[in-house]
Chemist: 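Submitted below is the structure of interest, expressed as structure tokens.
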There are 2 protein chains.
Amino acid sequence: MSIPTTTKMTYTDTQCGKNLSAVEDALYVVGGKWTLRIVIALLSGHYRFNDLQRTIKGISARVLSAELKDLEINGLVTRVVLADEKPVVTEYRPAEYSKTLRSVITALADWGQNHRKKIKGLL
Amino acid sequence: MSIPTTTKMTYTDTQCGKNLSAVEDALYVVGGKWTLRIVIALLSGHYRFNDLQRTIKGISARVLSAELKDLEINGLVTRVVLADEKPVVTEYRPAEYSKTLRSVITALADWGQNHRKKIKGLL
DNA sequence: CAGTATCCCGCGAGATACTG
DNA sequence: CAGTATCTCGCGGGATACTG
């Protein structure tokens, strides 16, 4: 089965492998620079393209557009066209599935907040 | 807890801002392609350079080296030289602080595992 | 074993402009 | 408003080789 020739441990090792590949799977979908930020904005009620762009500082239309497309592919976003005449009106709605990311987001947000405190303490 | 059903919102909005910047802070430290994988390996008991490189498939020595350096700077890793003669022996130990990342890692791992299941179900 | 030194390339992504 | 079209560039990071 396992081949730790030079090192010991077997249990933690397979645990490690599982964690690694699971985290890799997650990061593949959600590890991009903008992905989680977009999901956060969506879950906070920003549904429109320009609104999203304004909310997520620094993102370009091109990137936002591309990012929304594969969020849709990954089942995290649903695109809804409310009006396709004259000035088009579109909404990007967080799919139910995107709510499963909440635990990830809070874990990350908590850690980030705490880390910021830690950094400030060092100055 | 309640979400304003109107298009204008203020509460959720500032919530969104907080989440966004907190998550950005976290991602800044831990959002790199390799960072979390390295932390996982470290927390699983892989302390040696070559061991880490073997465990984390696909990482090059150059990148691992660089990554370990700023993990050290960020207080997540402690470098310990066990022997500096002849064949140098070094250990990279996960700092106490790195354990605070466990919740992030498990949240991500859980989601990744679940996501993989979901994907398989769609085929 | 634990790294460093180079060389090199792709693509992620910024800036800017345009359209139905 | 909601995007698309280009053009451009840096740097993240792979490959390979070398060293104390």
Side-chain angles (χ1 to χ4, degrees), chain A residues 4-9 20 23-24 27-39 41-42 45-74 77-94, chain B residues 7-8 20 23-24 27-39 41-42 45-74 77-94:
Chain A
T5 46
T6 50
T7 342
K8 41 261 181 163
M9 72 185 53
L20 274 174
V23 167
E24 269 154 30
L27 288 179
Y28 180 76
V29 177
V30 109
K33 180 175 177 182
W34 300 105
T35 326
L36 277 182
R37 305 172 207 225
I38 296 173
V39 172
L42 288 167
H46 296 91
Y47 301 148
R48 311 278 290 268
F49 191 90
N50 288 314
D51 187 14
L52 285 166
Q53 199 182 350
R54 256 175 277 115
T55 304
I56 304 162
K57 308 249 284 180
I59 197 169
S60 71
R62 193 177 64 83
V63 169
L64 178 55
S65 174
E67 218 72 24
L68 284 169
K69 270 172 194 160
D70 56 69
L71 282 173
E72 209 186 342
I73 288 172
N74 286 313
V77 168
T78 310
R79 198 180 107 114
V80 184
V81 178
L82 300 179
D84 52 5
E85 290 298 325
K86 279 302 244 176
V88 182
V89 178
T90 312
E91 273 189 7
Y92 293 91
R93 297 227 158 226
Chain B
T7 49
K8 289 297 175 188
L20 274 174
V23 167
E24 270 154 28
L27 257 34
Y28 181 76
V29 177
V30 109
K33 179 175 178 182
W34 300 106
T35 327
L36 277 182
R37 306 171 206 226
I38 296 173
V39 173
L42 288 167
H46 297 90
Y47 301 148
R48 311 279 290 268
F49 191 90
N50 288 315
D51 187 15
L52 286 167
Q53 200 183 349
R54 255 175 277 116
T55 304
I56 304 161
K57 309 247 285 178
I59 197 170
S60 71
R62 192 176 64 83
V63 169
L64 177 56
S65 174
E67 218 72 23
L68 284 169
K69 269 172 194 159
D70 55 69
L71 282 173
E72 209 186 343
I73 288 173
N74 286 313
V77 168
T78 310
R79 198 179 107 116
V80 184
V81 178
L82 300 179
D84 52 6
E85 291 298 325
K86 274 311 231 174
V88 180
V89 178
T90 313
E91 272 189 8
Y92 293 91
R93 297 230 158 223

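First the proteins, then the strands, lettered A, B, ... as listed; each starts at 1.
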Chemist: So, OP1 or OP2 of dC1(C): does either fall under 4.0 Å of a side-chain N or O from R48(B)?
Modeler: no
Chemist: Separation of L52(B) atom CG from dG3(C) atom C1', in whole Å?
Modeler: 13 Å
Chemist: Take the protein atom CZ of R54(A) and the nucleotide atom P of dG3(D), then report the distance between them rounded to whole Å.
Modeler: 14 Å
Chemist: Mind calculating the distance between CG (L68(A)) and C1' (dT4(D)) to the nearest angstrom?
Modeler: 14 Å
Chemist: At less than 4.0 Å, is any side-chain N or O atom of K33(B) found next to OP1 or OP2 of dG14(D)? Yes or no.
Modeler: yes
Chemist: Could you state the atom-to-atom distance from CD of Q53(A) to P of dA2(D) in whole Å?
Modeler: 11 Å
Chemist: For dT4(C) and K69(B) - does any side-chain N or O of the residue sit under 4.0 Å from the phosphate oxygens OP1/OP2?
Modeler: yes
Chemist: Where is the tightest heavy-atom contact between H46(A) and D51(A), given as atom of each residue plus distance?
Modeler: CD2-OD2, 3.0 Å
Chemist: When we call it a touch if two heavy atoms are under 4.0 Å apart, what does G58(A) touch: a base, just sugar-phosphate, or nothing?
Modeler: sugar-phosphate
Chemist: Between P on dA2(D) and CD on E85(A), what's the gap in Å once rounded to a whole number?
Modeler: 15 Å
Chemist: Send over the distance from D70(A) CG to dA13(C) P, rounded to a whole Å.
Modeler: 11 Å
Chemist: Is Y92(A) near enough to dG3(D) that one of its side-chain N or O atoms lies under 4.0 angstrom from OP1 or OP2?
Modeler: yes
Chemist: Any side-chain heavy-atom pair from V89(A) and R48(A) closer than 4.5 angstrom?
Modeler: yes
Chemist: Quick check: closest heavy atoms across L42(A) and P94(A), and the distance to 0.1 Å?
Modeler: O-CG, 3.7 Å
Chemist: I'd like to know if R62(A) reaches the base of dG3(D) with its side chain, counting only an N/O donor and acceptor under 3.5 Å.
Modeler: no
Chemist: Between N50(A) and I59(B), just flag the one whose closest nucleotide in DNA chain D comes earlier from the 5' side.
Modeler: N50(A)
Chemist: Without decimals, in angstroms, what is the distance between D51(B) CG and dA2(C) P?
Modeler: 9 Å
Chemist: Round to the nearest Å and state the distance from Y47(A) atom OH to dA2(D) atom C1'.
Modeler: 18 Å
Chemist: Once you apply the 3.5 Å cut-off to both distances, tell me the Watson-Crick or G-U wobble partner of dC7(D), or none.
Modeler: dG14(C)
Chemist: Under a 3.5 Å cut-off for both contacts, is dA17(D) paired Watson-Crick or G-U wobble with anything, and if yes, with which nucleotide?
Modeler: dT4(C)
Chemist: With a 4.0 Å cutoff (strictly under), does any side-chain N or O of S65(B) reach OP1 or OP2 of dA2(C)?
Modeler: no
Chemist: Please report the shortest heavy-atom distance between T35(B) and V29(B), naming the atom on each side.
Modeler: CG2-O, 3.5 Å
Chemist: Quick one: are I38(A) and V77(A) in side-chain contact, heavy atoms under 4.5 Å?
Modeler: no
Chemist: With the side chain of V63(B) defined as its heavy atoms from C-beta on, choose the nearest nucleotide among dA2(C), dG14(D), dG14(C).
Modeler: dG14(D)
Chemist: Given dC1(C), dG14(C), dG3(D), which nucleotide is nearest the side-chain atoms of F49(A)?
Modeler: dG3(D)
